[in-house]
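Here is the structure we will look at.
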Amino acid sequence: MATAIETTPVETLHAAPLQQPGDITSLRPADTTSRLSVRDLRVHFPTACEVVRAVDGVSFDLAGGEALAVIGETGSGKTSIARALLGLHPAGVTTGSIRLAGQELVGLPEDAWRAVRWRRIALAAQNAGSAFDPVYRIGEQIAEPLRHHRGLTPVEALARAILLAEEVGLSARHLAAYPHQLSGGEKQRAMLAMALSCQPEILIVDEPTSGQDMLARAEVISLLGRLRRERGMSLLLISHDLAAVAQLADRVAVLYAGQLVEAGPAAGLIEDPRHPYTWGLRNAYPSMTTARDLAGIRGDLPDPTQPPAGCRFHPRCTQAVERCRLVEPTLMPLERARPFPRQGGEDRWIACHLGGLQTLLRATDLRKTFSTNGSAAKVEAVRGAGIEVYEGEVVALVGQTGSGKSTLARLIVGLEQAEAGRVELEGQELTALTGEALRRARRRVQYIAQDPFDALSPRLTVAEIVREPLEIHRLGTRAEQDAVVRDALSAVGLPVASEFLARHTHELSGGQLQRIAIARALVLDPKLLIADEPVSMLDPSEQARVIILLKQIQNQRGMGLVLISHDLALVRKVADRIYVMRAGEIVEWGPASRIISRPQHEYTGALLAAAPAFDL
Amino acid sequence: MPGLGILTIFVLVALLAPVLAPYDPHALSGQPLERPSAAHPLGTNDIGQDILSELIFGARISLIVALAASMGTVALATLIGAAAGYLGGWLDTALMRGVDVLLALPRLPLLILLAALLGAGLPQTIAIIALLFWPAAARTIRAQTQSLRRRGYIQMARQLGGGTGYVLRRHIVPALAPLLAFELVMAAGRAVALEAGLAFLGIGDAAAKSWGLMMRFALNLPGLLLGDRWLWWLLPPAACLTLLILTLTCIGIGLEERWQPRLKRRP
Amino acid sequence: MSHPNRPSFLILIVIAGLLAACAAPTATPAPVAPEAAPTAPAAAPASSTAAPAPARVKALRLVGGTDWGYPSPFGFNRGPGYTRASYIFDTLVWRDRFGQTIPWLATEWRVSDDNLTWTFTLRDGVKWHDGKPLTVEDVVFSYQYFAKTGSGWFMAPISDVASVTAVGERQVAIKLKRPFAPFLTTIAEPVFIIPKHIWEKVEDPKKFTGPEAVIGSGPYKLIQYSKAEGAYLYEANDDYFLGKPYVQRLEFIPVGDVALALANRQIDAFDKFGGVTDEMLAPFTKAPFRIGKAPGEWGMNLYFNLSAQSPIADVRVRRAIAHTVDRDALVARLLLGFGEPGSPGGLPPANPFYNPAAQTVYPHDVAQAKALLREADYAEGQAVTINLTYSTSDNPRLVEMLAAQLAEAGIALKPVPMDQAALDAAAQAGNYDMLLVGFGGLGGDPDQLRRNFASTSKTVGFSRARGYASAEFDKLADEQVSLLDFAARKAALDRMQMILAQDLPALPLYYTARVVVYNAEVFDNWYFTPGGYGGGIPMPFNKHQFITGLETGLKIKGAQ
Ligand code: SF4
């Protein structure tokens, strides 16, 4: 199984001719109207003994009137791109090509840059507060570039400034104020007015919403939208605010460690991220309307002086394969990048050897009927249901008792035999596997049952229980197994003292037992954990702790996690996506935020209404 | 458990038979039908063999039969019962049909048929007993295995990829252990009784020095019960037999009390 | 999960075992021979309402429990089976308490001067049970029928009969192929006269098992027969030509311990061949019980299959065995002294033709046996292993003791147990190396030696030796039949016994002395027939004693 996963993508990629970064002519292949064309942009700052590779081979196009968002964590190189576009870096730092309406900007002398800067490409800087000189009134500061770049008289400039201020929603009173007298939002508007003063073709807005309250943020977003419409200018939005990006941008490019990892139409990209990093970024993003607060991408951004070889994301990637450590992936259209082509990737570009986020599990159209004992009546427990789980995500499967969710899980892990349907694990159809191959595949999915009393042998000791999966799969020597057992037990916060290891289940509490069940599920280092009502037998405080534990483990180990629960309130805190099941069918599914905020099926609504307030 | 004490005594007697017995039980150490005397504390039998020696060596046969036949019974029953209960499906159906048929067959003709097929001798007797008793035990073991199979931890072990052999060895058989011990002891008791019964019927090794055969030969003497000879010829083997069977039964009941509550421990 | 109630289950087993033991046949020497036997005839209602003459015995309860086959002329097995059939079927002559041939269906007979033709005069007014008269035609038919259906009918040498013809309405002439000394005792006495009107239609007599198959002219009618229980029930034929039988009803019923049953008045008599001590008989020495004894006419034999590929094909090995087997010890321990050691000559001391010289040929001598084995190229200490086929219904002690005795000479027995029917079949087919087989008739006519051991004998049966051929023996055997002079015949038979002792086609082990223990209050006319009845059956169940209630003669006790 593992071998198959590692070899298939590599071969596929070799089959398609490898592209050099410079070959990319356009993010939108047919676009000839592009106003700005960036190719292989690199921003390398030499320091005393190393080179900081802030931007390392970024290419994109920006058409007239288009809004492109560049998103990434702080330190990913967003601001360096903005400054490169304005020619603000010292000579020699920026290499590659920036063409503005056909004119090459890289290597222009400072004089020539002045004709471009402000007049054709303007920047609304990130930190609005510090961009203003505290001793001049705002109005003066807005008028200043008008005079300076356009050669207007002070009066003309002031009149123009007033108009600009009105355009961004500021009054004359604001113009007369000193910067410290304005709120953040007002300073942001003033900043915009300043940037717009020379009527640039391209406006770069750096983190327009950062540090703003809700109201101000909403106003800035609507303002930017309006300005772009009215002025028909191109907008380059540099942000990590996904909500803002989703509302403002036509397209999104995701920057990671100085390189683009994914690009594509905004709506699709945010709703359905393809690159593992985008996926993590979206999931890490605190949203107003979801109560999620546990998400995150494991690890940190790499040191820009020594970016990792191969895919720069691989140390944090949950699905990295050997090739990711060795070969740098190139940005290419999704259809070409993915080893298993799928629909819906026309405009999507991605830099990933595996074609983006892997589907860990795809169960489709599963069916199971139980015959009730003694009578001919049959219960259709699962009627053509299925779920998909991507790498490293938490999927919640919710539904009331009897909705068939447990059966669905048991069908997936092979505890029940499905009558119809397919279960694919990492692209492999499980029903097609037998013998050793099946055993290997099953290793990748671990199941945690609802009732630990039942799921753990009363005859074995803690150590034996946790070791059993290793024993069955004959992995490692006894000493290695013991080490794995201790690791797993400490991972779930249980003692590893030999006294504890020698205990039997009847000597342990429910919470301890469920932790042992989790530890047991971890020893095989699975890619996917399926937890069937893992906390329903526990008392409420223990419930929260175990859920947090599961989430932590999932996050640290980069596993997929399917959380089966009747309790929507419990899972909404941790789930990336939610499937809602009723009477054997999946009635609704989608990102947790959407399901919680805008349930589309009435049953989901009912579940939500019934969910008690729940605080972790 | 007092049962264990008595059983130990039986085992010791069987082990030390050559030391304890005054004569070789096959030796014609006296005249036929001697009455008890110093030389022959329980007299001699119809051809002049020492009855006490026969009695002491008889413990060996009874215990060997008890041990071997019960182990055979339980091994067979476990193999078939556990396989049927664990694997289920058509195998289960087929095996349990077979068991039903075997249980429905009348015992005595089956016994005689088996005896005719297998011939006489201690191994054959043991085989006959095992063949006769396993179906009932297999049924119990199957039922227990079936209920065990539904237990989560066994399902989990299977889901993990634990093979049939592994799960049976690691989980099912240990979980069945108290039941198997019970079945073992009960089968031992029944085996002792049946061995005696077979000897009565003249099925089995006629030269073996078993208690059942002693009783058969004693009862073959016309008018045994008219005199007092039965006191030292018939009564001792009958008493030993009864005591051994009762002992095993008591141990079995004790074991049953130990495994039954465990079954009910969890709702 | 339901367990049978264990303690009671166990007790049941023990009880079942005990019951089984009680129901098992006691060690009567005549072995069990369950053969495919017919179902019982529809039981005629017992007409016990007819009041018998006051002096008569209403019913005699005897030991049953063993199936001896359907008592039709072709359905019975062995001596006890013949006995049960003889109550239904009569013969031309019979035999009384003193072994004297007495008239039966024939009132008188004479033999021609050349000793070849015997002419019998038939009794008047004899009727079959179905009312039809018994005629000379029936007699002629019977002899022809038996001759046709096989030479070996109950071992009667009927093949020596040349022809049977009716002489007028009342007489039958039986012509022999040669002068045949034992004609009366081995042919005329045992051969049943069967109704022609029934049997002439019967193709396969062995399969003819309906109620018609037990229509005879005899003193009793079969009322009930249970193969499973070995039970036989007879009622007197009150139209019997001798008058109403003295014993009105005969019951052979299954019992446990026969002695106990007699003491408890559950039965009225039991008999025992060997294995009896005075101590055991002590309870029956007082009234109303009585004890009758007789010397052995039933013997246990060790047969050697000389045509088998086994060590015993060598006469030296057989002689070694004869020296090793301590026959006196067998008598002392197996029969508790109640019997005699077997004679290698083949006839028991009770037979008038017994040759005591044959008895002493093989003294118990293990050293001699070992020497013989070495002569036969078996090195000292080399185990000689021989299969021994035996019946599971014989006394298992015999095998035990034989094995122990033969082991002394380094001969190992490999036991091959069989049930009696399988054993009789194996004996007939010669499927054995060594065989333990017991049978009676030894006190009867010594022509049995010819029938069993002469290579020219056409007899088929379990007592027939296999693979033995001695020219001298064959010649003598052939001659002695025609020697009507006792002394001349005895001389030939003495020699024959010596030849058998030398050649050892079989080694007789012991003869069981016989005892009948009975309740004289019920019936006191018990006796053993010298030489046996019906051609040599050594049991105390001669129908003559039940019919007449007397020791001899044809008068019925108490009848006017
Ligand atoms: S799978 Fe490999 S190439 Fe794709 S993001 Fe992860 S580490 Fe990079």
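The sequence lines fix the lettering, A, B, ..., with proteins before strands; numbering per chain opens at 1.
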Determine whether a donor-acceptor pair (N or O, by modelled atom type, separation under 3.5 Å) exists between the side chain of His171(B) and the backbone of Arg459(A).
no

Can you name the closest pair of heavy atoms from Gly152(B) and Asp454(A) and give their distance?
N-OD2, 2.8 Å

As an exercise, state the distance from CD1 of Ile472(A) to CD of Gln159(B), rounded to the nearest 0.5 Å.
9.5 Å

Against chain B, label Gln446(A) side chain, backbone, both or neither, depending on which of its atoms sit under 4.5 Å from a heavy atom there.
side chain

Among Leu438(A), Leu524(A), Ile465(A), Leu460(A), which residue forms the greatest number of heavy-atom pairs with chain B at distances under 4.5 Å?
Leu460(A)

Could you tell me which of Ala449(A), Ala517(A), Ser457(A), Gly414(A) has the largest number of non-hydrogen atom pairs under 4.5 Å with chain B?
Ser457(A)

Value rounded to 0.5 Å, distance of CE in Met156(B) from CD1 in Ile448(A):
8.0 Å

Between the CZ atom in Arg442(A) and the CZ atom in Arg158(B), the distance rounded to the nearest 0.5 Å is 11.5 Å

Of the non-hydrogen atoms in Arg151(B) and Phe453(A), which two are nearest, and what is the gap between them?
NH2-O, 4.3 Å

Arg520(A), part contacting chain B, at a heavy-atom distance under 4.5 Å
side chain

How many angstroms lie between atom CZ of Arg170(B) and atom CD of Glu468(A), to the nearest 0.5 angstrom?
6.0 Å

